[in-house]
4 protein chains.
Amino acid sequence: MKEIGIGVIGTGFMGKAHSIAYSASASVFGTGLRPRLEMVCDLSPERAQVRAADLGFSRYSSDWREVVNDPAVKLISVCTPNDTHAEISIAALSAGKHVWCEKPMSTTLADSTAMRDMAISSSAKTIIGYNYTKNPAVTHARRLIEEGHIGRVSGFFCRYDVDNEADGNRPWSWRMSRDKSGTGANGDVLSHVISVGHYLTGSTIAKVVGDIAIIHQQRADADNPDSQKTVDNDDMVSALVTFANGVKGHIGASRVTWGRKCGLRWEIHGTEGTILYDQERLNELKLFTKDSDPATDGFRTILTGPHHPPYSAFLPNGGHSLGYMDVKICELHELLTAIEKDKSVWPNFEDGLAIENVMDAVDRSALSGKWIEVGN
Amino acid sequence: MKEIGIGVIGTGFMGKAHSIAYSASASVFGTGLRPRLEMVCDLSPERAQVRAADLGFSRYSSDWREVVNDPAVKLISVCTPNDTHAEISIAALSAGKHVWCEKPMSTTLADSTAMRDMAISSSAKTIIGYNYTKNPAVTHARRLIEEGHIGRVSGFFCRYDVDNEADGNRPWSWRMSRDKSGTGANGDVLSHVISVGHYLTGSTIAKVVGDIAIIHQQRADADNPDSQKTVDNDDMVSALVTFANGVKGHIGASRVTWGRKCGLRWEIHGTEGTILYDQERLNELKLFTKDSDPATDGFRTILTGPHHPPYSAFLPNGGHSLGYMDVKICELHELLTAIEKDKSVWPNFEDGLAIENVMDAVDRSALSGKWIEVGN
Amino acid sequence: MKEIGIGVIGTGFMGKAHSIAYSASASVFGTGLRPRLEMVCDLSPERAQVRAADLGFSRYSSDWREVVNDPAVKLISVCTPNDTHAEISIAALSAGKHVWCEKPMSTTLADSTAMRDMAISSSAKTIIGYNYTKNPAVTHARRLIEEGHIGRVSGFFCRYDVDNEADGNRPWSWRMSRDKSGTGANGDVLSHVISVGHYLTGSTIAKVVGDIAIIHQQRADADNPDSQKTVDNDDMVSALVTFANGVKGHIGASRVTWGRKCGLRWEIHGTEGTILYDQERLNELKLFTKDSDPATDGFRTILTGPHHPPYSAFLPNGGHSLGYMDVKICELHELLTAIEKDKSVWPNFEDGLAIENVMDAVDRSALSGKWIEVGN
Amino acid sequence: MKEIGIGVIGTGFMGKAHSIAYSASASVFGTGLRPRLEMVCDLSPERAQVRAADLGFSRYSSDWREVVNDPAVKLISVCTPNDTHAEISIAALSAGKHVWCEKPMSTTLADSTAMRDMAISSSAKTIIGYNYTKNPAVTHARRLIEEGHIGRVSGFFCRYDVDNEADGNRPWSWRMSRDKSGTGANGDVLSHVISVGHYLTGSTIAKVVGDIAIIHQQRADADNPDSQKTVDNDDMVSALVTFANGVKGHIGASRVTWGRKCGLRWEIHGTEGTILYDQERLNELKLFTKDSDPATDGFRTILTGPHHPPYSAFLPNGGHSLGYMDVKICELHELLTAIEKDKSVWPNFEDGLAIENVMDAVDRSALSGKWIEVGN
């Protein structure tokens, strides 16, 4: 088994998730490249040291450039705040390192485009962490679609609602400012919706008309309890879409929906069947296909199991349930396989930019009130 | 108990459903006006006679004008093909009769407007059969909203998908022609979605941007097996919407979705809670509200029961389930109560026209590619 | 269409439900015997008069013997308190009338046996109102089983839990006394479970070992707020069972389960498939059968529709939902068809006694702590 | 952070699962003892070597005694075939090592009793891998019960059905022989049911009456295709039970139920509420409690999240889903904490024996046809 040296930049939740995936990957899959945890980076040297011990890294640093330039490090995880993704990723690619960058790509289209350009000019592999496409249930849906089980795809409908900011009494944060964070629900949540649409259809959204709403327009200023600050980016966003292959549908997202915790739900319609999915029940896929006997047809609830690769790398029996972390390991495994075999992996920085372009088009359409062609 | 003479025009499924409702109404509610089944009408005298016997009418006719003008008939059910609704309803109103007209109102905005105008100039009661708003579960949702259980409404999202025409091998029919039937999924299915949106929000849709798709563009000509005919109205329709009160959302409908039988699903978001509903499980409402203990909150599945009027008129214990026919009886009961007490009932022809205006705006927007203000 | 004169004895919920079924039957089915509502009976003449008007009967009486002996009445509904079922049913059969008796048959095995004996010696039709076997979804399950879709039946598991007495603060009632009411959850609730087991397997339970529990042993005396009365019959009952055909399983019931409103849930296992059902979602059947492709198998949720007789007598499209009342109409239709065509109907008084015998065996087993053979 | 040396004996699925848990534990929890993967053991030296590399162990052996006696190893995972659990566990305890032994404890009561005795006489910690009690959702249920959210517990009902042997065409295996494997569904599957019952009620089952069934009595002999071999242990097992604290219920298990993959479902009834759980949806708990407003009560679906320890060690946001592997990490964390803080952990070998005693009593009751007191 060959090894690959790993550097993780950022030690928040995503840094931890990447690190756990690196630790478990070889145990789960028992094949291919084995990650070797070289160096972890946090702005605080103290925290970097503690996290290195917790997460099992042999070295640590408080300077991301040190990680990027370390000769033993070949694969870099970018798990820092969104507005630093571009600089770090581009430096890593320049240094010839593979990059696993969390979503969204960056906070501006210009940055994302620069990342894409650098990736194209590099022979390293890149991937954006659109994790909801890596679940074996979803991978299986894609396979069913490709194999024609639901005929020609005719519609894609997806919402992703969460309750992160549902409580109007939560104070204002930088996430609620266009200046500081760009769009709101669009960048944070709708981006996942778009990734799923691109993945399942094998096409990309080409035309949109969007709309946004700000539900809590004023929020308390945490630093100044007596005053209020204005929210100026989207609590909710919706769009009608047309894919390049002609499929139509609608998409939406909200960060203010009570009761939805990880409420990504999609359905895909075809001329011979329908598939439904709910991320809060990530081990289930619902499938309806034309059946010879209408008295016994109905949506069947498929429980993920050994017939849905790579489930069997984790568990020998169906119905025993994968979780979020397992799916992150699947994502990593795709990247490691791509590196080992010099194959492509989805979504790389080019695919990532295609998602960013849709986000941008939805936002511009919401502001202009017009259908917009998605840029390239 | 006072009686009211009934005339039913049309003996297809809806004529039957109305007749059963008239038969059962007094038994169920035991109060108010008691329907007396006077006359039923079918174009075929033979069929009219048979149906009169089956459905319990004392008289029958093959001429709807005879029903409309019969002095013993005070309330007319219009259950005929859509393109005859206007003429019959207007004649009935002219004769001073109350009218229970099935949806959609008519096949042209002009006809629907004429119906509305006649209704306004009459003292008779009118109602359009938008049945999915009459279920005690849905009535309860409206009450919860009005009482503020979910705070200020922030979003309305609804699709209604059915599989009536999902099979591309079904031959062409008049329903698939703009000339003969007007819009497709819009008129047949989306109209219900709009009725639910208006009912739950207590507002009306004021602005839309719509899109349509024809999934099976050619269908076999049933009369000429070797040739194909062109489908020129919508198999699918979607829209982003803004209500007059500022609430935003998206709506959609399809007649070609495999596996959906009565697939009307809506969710309504508020600043303090969320409500979900699925017409295929019409005795359940899912409600999430802010809760003092986040460790035990979650969507609760409310089973319809005696605490959801008028359920207890049917059954003394919760969870025993109402069906489609029972809800039709609820609809009738609202109309009879309105007649008896000279109160308003929703949706009368004016409310019905508001729904038709949205359907029209969605269709025009889909053809023009622009946001459109809904007419009045 | 031929008519049959109807007498309904008892005007509580069940008397009302039977009456509504009689009113709607011909409209729904449009064939066979047409009920003619002759006479309704209530102990109070005033109430009898009011209910006759509400329910559409031409005559009323406060003496059930008058109904039983009325020459125009040919079919009698027995909807009175349980301890009067035997006397009325036997008198009705003696007078040559068909009998639709609500469950349970009576309050003693001796009475039920006498009813059975009289039914055998009569040429009239009898049926006990075990309504949960008459739902088209359940009828379809029986058909699937008979046709071998799930292979040889290997297990039957069913509970019926309700919350009628879940609140320990509810005062004592006669239902909680062995003297006054016989068993508790056994007679009220478990009886339905047994009916379903007999119906689905086409066999009868032959051997049981049972257990009971009293959860709230003391309840407030409603007449004497300061004192308590003792509950001496079962709040909960459970049993292991073996059917005559060798199928094994377990059954149970409770009247003190919070949250269960009509909580009858069963599953039936076979050597080639499994069927699941939940009475609170009475329009759904879940079916798993061996499938050629393990990657796409799963329980399918079958929505009741036109392929599940007699659904199409009610509604032309699937998924539109029948309710409790509709199923009562199905039950009546089976009885009317049996009368018209002189065929057998299930469960007649003989089948009903088989259910009572199981209830009795479970109770005796619970008291003795031994497996018991069910009597005949 | 202190470290603890780990030895894993057995490299099948469970050996792999334990190893992954050891790798991830410190990363997830970031506190307490840090596992150091010392030595892995497989009967085949070649396989041991490969698995050491895959799973990240520094050393390997083909002799379990070497692992048990290695001075650097302080905690032993016993993941070998069931009939070797006792010998290895006892040797490990004799050597002063902590033991994490997979379920069931052993294949005979004598062996399990010897394990329990050795554990009592040792100061080392022991735990049996009854994993379905370690899920944060289930831990939360236990907490709700302890805190009185559902009042006094009144009933426990649980089945665990799987389809491992549902296909009658699968050949005979040693698992189907009493001689070679002991009981069938009882030992393999019902044992989990009992562990859940003990965990949730905080009591133990004291009295049972059981029944068993063999559904496929003859199976093909894989070695001799023309002949059949006899299955002589239970495909299905059921029991009525009474706990030491008086709670009653029923339990059951099957290895021949089509469609159930990890079909452990339980419900627990109390005098003030009800909790439901389904292992195939392991991130959901359904809770019903008395509510002030009957119009809005219903079972609430609680999604596991940060309010359900130790979920937040894995994920910051609710609804993102833990999987089987994560729950195994929770199980390990409880053991490591017990070792670090010299606290008790459940289920240790004494608790494990209590479960084995119930399995034994159910089997003896099924054979004798009598209620049986569970041994100690």
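Each chain gets a letter, A, B and so on, in the order the sequences are listed, and its residues count up from 1.
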Going through the distances and angles, do C/Val138 and C/Tyr277 end up as a side chain to side chain contact (heavy atoms under 4.5 Å, CB included)? CA-CA 8 Å; C/Val138 179; C/Tyr277 177 79; 3.7 Å; yes
Starting from the C-alpha separation in whole Å, work towards a yes-or-no answer on side chain to side chain contact (heavy atoms under 4.5 Å, CB included) for B/Ser27 and C/Ser23. CA-CA 9 Å; B/Ser27 301; C/Ser23 293; 4.3 Å; yes
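Interface remark: C/Asp326 contributes side-chain atoms only to the contact with chain B (heavy atom separation under 4.5 Å). If you measure heavy-atom distances from C/Val28 to chain B, the contacts under 4.5 Å come from both the backbone and the side chain.
Not a single side-chain hydrogen bond (donor to acceptor under 3.5 Å, both in side chains) links C/Glu280 to another residue, sequence neighbours left out. For B/Glu38, the salt bridge (Lys or Arg N to Asp or Glu O under 4.0 Å) partners at least two apart in sequence or on another chain are B/Arg36, B/Arg59.
A salt bridge links B/Glu165 with B/Arg170: the closest approach of a Lys/Arg side-chain nitrogen to an acidic carboxylate oxygen falls below 4.0 angstrom. Electrostatic pairing of C/Arg281 and C/Asp278 does not count as a salt bridge here, judged by no charged N lying under 4.0 Å from a carboxylate O.
The salt bridge (charged side-chain N to carboxylate O under 4.0 Å, His left out) with B/Asp161 is formed by just one residue from the set B/Arg255, B/Lys261, B/Arg265; it is B/Arg265.
With 3.5 Å as the limit, one finds a donor-acceptor pair spanning the side chains of B/Tyr22 and B/Ser77. Of the N and O atoms on the side chains of C/Glu331 and C/Trp100, at least one donor lies less than 3.5 Å from an acceptor on the other residue.
At a heavy-atom separation below 4.5 angstrom, chain C is approached by B/Ala313, B/Phe314, B/Leu315, B/Pro316, B/Gly318, B/Gly319, B/His320, B/Ser321, B/Leu322, B/Gly323, B/Tyr324 within residues 305-324 of chain B. Taking non-hydrogen atoms and a 4.5 Å limit, the residue list of residues 130-137 of chain C in contact with chain B, ordered by number, reads C/Tyr132.
Side chain of C/Thr257 to backbone of C/Arg260: no donor-acceptor contact under 3.5 angstrom is found.
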